[in-house]
Each structure stands twice: as structure tokens, then as C-alpha cells.
Amino acid sequence: MESLEEILGRHPFFAGFEAEHGRLVAGCARNVRFAAGQYLFREGDPADEFFLIRHGRVALELVEPGRPPVVFATLGEGEIVGASWLLPPYRWRLAARATELTRAIGIDAACLRGKCETDHHLGYAMMKRFLPILVDRLQATRLQLLDVYGKR
């Protein structure tokens with residue numbers, strides 16, 4: 001049976017990660033499973049965990065009261081779900097819903113934040129990995145908005 005440290009080490013997010021940092025992160029990790037239609041988290045809930053998708057698909061949704069959710073991104077194997085755990089007030093600013101059976105590694109946010117505070121090298125390594133993901137998602141959302149609302 002594989003350890004969480006071994007599984008994390010093969011996830012694209014942790015490619016080239018220092019072994020010691022991998023051990024620290026694995027200490028905050030657990031296996032999770034979401035059925036199709038099940039929410040990983042909802043907007044406004046505490047951002048106490050983020051997820052590394054191993055199998056399945058997850059829709060990122062914006063919710064406006066009285067309207068159906070708007071899916072603005074769909075993530076799959078090898079991707080990360082959730083970044084609101086990084087900054088106070090540690091609340092989700094969107095919703096994430098499994099669109100099919102999804103298996104992931106959940107990382108306890110408070111546990112990892114504590115380890116990043118203690119080991120600033122780990123914190124810097126995590127930020128260097130999360131920032132490109134956030135920038136890419138912002139750019140993808142921008143392009144979607146231009147396509148929807150731009151002049152034709």
C-alpha cells in the first residue's frame with residue numbers, strides 16, 4: 001500500500017518538491033472521495049482544506065441567490081482545488097462540486113499554514129506553486145468573460 005507521501009510525490013503540483021517538505025505536507029493529508037454532485041465546499045464556508053485531484057472532475061461555480069450556479073472552470077486529474085485557505089478570512093469565495101466520482105487528497109489548511117509559519121522555506125515553496133495556478137485561472141476566466149461579453 002502506498003503512503004500519502006508517495007502519492008503526493010507523484011502529483012504534478014509537487015513535482016520537484018524537496019523530500020522534507022513532502023513529508024511535512026503528507027502529515028496534513030488524507031484521502032477523500034466525493035460522489036457525483038457532492039460539494040467539496042460551498043461559498044462562505046470555512047476554507048479549512050484544499051484538494052489535489054487524483055481521479056474525477058470538479059466544477060468551480062459562482063453562485064448568485066435566485067439563479068442557477070455558473071460553472072466557470074472544470075478541473076481534473078493532477079489539478080488543485082481551492083486557494084482561499086491561503087489568506088484570511090479563510091472562507092471559500094466560490095463553490096466546488098464533483099461532476100463525477102472524484103478521488104482526491106485533502107490537505108488540512110490549518111495544519112499546513114502552521115507548518116509554513118514554522119518553516120518559511122516550505123511556505124515560500126507552496127506560494128511559488130500556488131501563484132502560477134491562480135494567475136492561469138484568472139487569465140482563463142478573463143478570456144471566458146471576453147468571449148461572452150466582448151464585441152463580435
Side-chain angles (χ1 to χ4, degrees), residues 3-5 7-15 17-18 20-145:
S3 71
L4 287 173
E5 186 177 338
I7 294 168
L8 288 173
R10 283 194 314 279
H11 194 280
F13 182 79
F14 288 108
F17 212 58
E18 289 184 26
E20 177 57 28
H21 289 162
R23 281 189 285 284
L24 290 171
V25 174
C28 299
R30 68 185 181 107
N31 280 303
V32 293
R33 179 184 181 278
F34 299 96
Q38 184 177 0
Y39 279 87
L40 285 68
F41 51 81
R42 293 178 190 265
E43 183 177 354
D45 287 349
D48 51 11
E49 190 170 28
F50 69 96
F51 305 93
L52 291 81
I53 302 173
R54 297 183 63 203
H55 167 80
R57 299 195 66 73
V58 174
L60 300 182
E61 301 176 343
L62 296 173
V63 181
E64 185 178 334
R67 300 184 112 172
V70 174
V71 174
F72 68 93
T74 303
L75 307 176
E77 184 177 332
E79 295 189 273
I80 299 287
V81 181
S84 295
W85 69 276
L86 287 166
L87 299 167
Y90 308 119
R91 296 253 174 221
W92 294 117
R93 294 171 175 90
L94 51 92
R97 181 181 45 83
T99 59
E100 60 186 58
L101 173 65
T102 300
R103 290 182 178 87
I105 301 293
I107 308 290
D108 180 293
C111 173
L112 187 55
R113 280 193 306 266
K115 290 180 179 187
C116 288
E117 283 294 327
T118 301
D119 182 341
H120 292 164
H121 294 290
L122 170 62
Y124 182 63
M126 290 298 295
M127 289 298 168
K128 284 190 341 186
R129 290 164 189 277
F130 261 95
L131 284 174
I133 292 168
L134 294 174
V135 169
D136 287 348
R137 290 196 186 150
L138 181 61
Q139 179 66 6
T141 303
R142 177 182 172 271
L143 292 174
Q144 283 181 327
L145 288 171

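No experiment lies behind these values; they were computed from the predicted model shown. FYI, side chains are in, hydrogens and waters are out, and symmetry mates aren't considered; it's all heavy atoms of this structure.
Within the model, atoms CD1 of I107 and CG of L52 stand 5.5 Å from one another, a figure rounded to the nearest 0.5 Å. Here CG of L40 is found 13.0 Å from CZ of F50. Values are rounded to the nearest 0.5 Å. With rounding to the nearest 0.5 Å, the separation of CG in L4 from CD1 in I105 is 5.0 Å. Atom-to-atom distance recorded for E117:CD and L112:CG is 10.5 Å, nearest 0.5 angstrom. Taken from OG1 in T118 to CG in L24, the straight-line distance is 9.0 Å, to the nearest 0.5 Å.
The closest donor-acceptor contact from the side chain of T102 to the backbone of E100 lies under 3.5 Å. At distances below 3.5 Å, not a single donor-acceptor pair connects side-chain atoms of Q139 with backbone N or O atoms of D136.
The salt bridge (charged side-chain N to carboxylate O under 4.0 Å, His left out) pairs that include a residue from residues 22-51 are E5-R23, E20-R23, R30-E49, where partners are two or more places apart or lie in different chains. Screening residues 37-107 for disulfide (SG to SG under 2.5 Å), with sequence neighbours left out, gives no hits. The ring pair (Phe, Tyr, Trp, His ring centres under 6.0 Å) analysis of residues 55-82, with sequence neighbours excluded, yields no pairs. Sorted pairs that involve residues 95-115 and meet ring pair (Phe, Tyr, Trp, His ring centres under 6.0 Å), not counting sequence neighbours, are lacking altogether. Within the structure, every pair that satisfies the salt bridge (charged side-chain N to carboxylate O under 4.0 Å, His left out) test and touches residues 52-71, not counting sequence neighbours, is listed here: E61-R97, E64-R67. The stretch residues 30-104 participates, sequence neighbours left out, in no disulfide (SG to SG under 2.5 Å) pair at all. Counting only residues at least two apart or on different chains, no salt bridge (charged side-chain N to carboxylate O under 4.0 Å, His left out) pair has a member in residues 101-115.
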Please tabulate, for the side chains in residues 77-88, all donor-acceptor contacts under 3.5 angstrom to protein atoms that are two or more places apart in sequence or on a different chain.
from, atom 1, to, atom 2, distance (Å)
E79, OE1, G76, N, 2.8

With a cut-off of 3.5 Å and sequence neighbours excluded, list every side-chain donor-acceptor pair involving residues 128-135.
from, atom 1, to, atom 2, distance (Å)
R129, NH1, F13, O, 2.7
R129, NH1, A15, O, 3.1
R129, NH2, A15, O, 3.3

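Residues satisfying the side chain to side chain donor-acceptor pair (under 3.5 Å) criterion with R91, sequence neighbours excluded, are absent altogether. Here H21 pairs with F17 under the ring-ring contact (aromatic ring centres under 6.0 Å, His included) rule; sequence neighbours left out. Applying the disulfide bond (SG atoms under 2.5 Å apart) rule to C28 yields the partners C111; only residues at least two apart in sequence or on another chain are considered.
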- [ ] Please lay out, stage by stage, how L60 and T74 fare under the test side chain to side chain contact (heavy atoms under 4.5 Å, CB included).
- [x] CA-CA 6 Å; L60 300 182; T74 303; over 6 Å; no
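Taking both residues in full, the closest heavy atoms of I53 and A104 are given as CA-CB, 4.1 Å, listed atom of the first, atom of the second, then distance. Closest heavy-atom contact between G106 and V32: N-CG2, 3.9 Å.
The aromatic rings of F51 and F34 sit perpendicular to each other, their planes meeting at more than 60°, with 30° as the lower class boundary.
Residue-environment remark: OH (Y124) stays at or below the threshold of 12 foreign heavy atoms within 6.0 Å.
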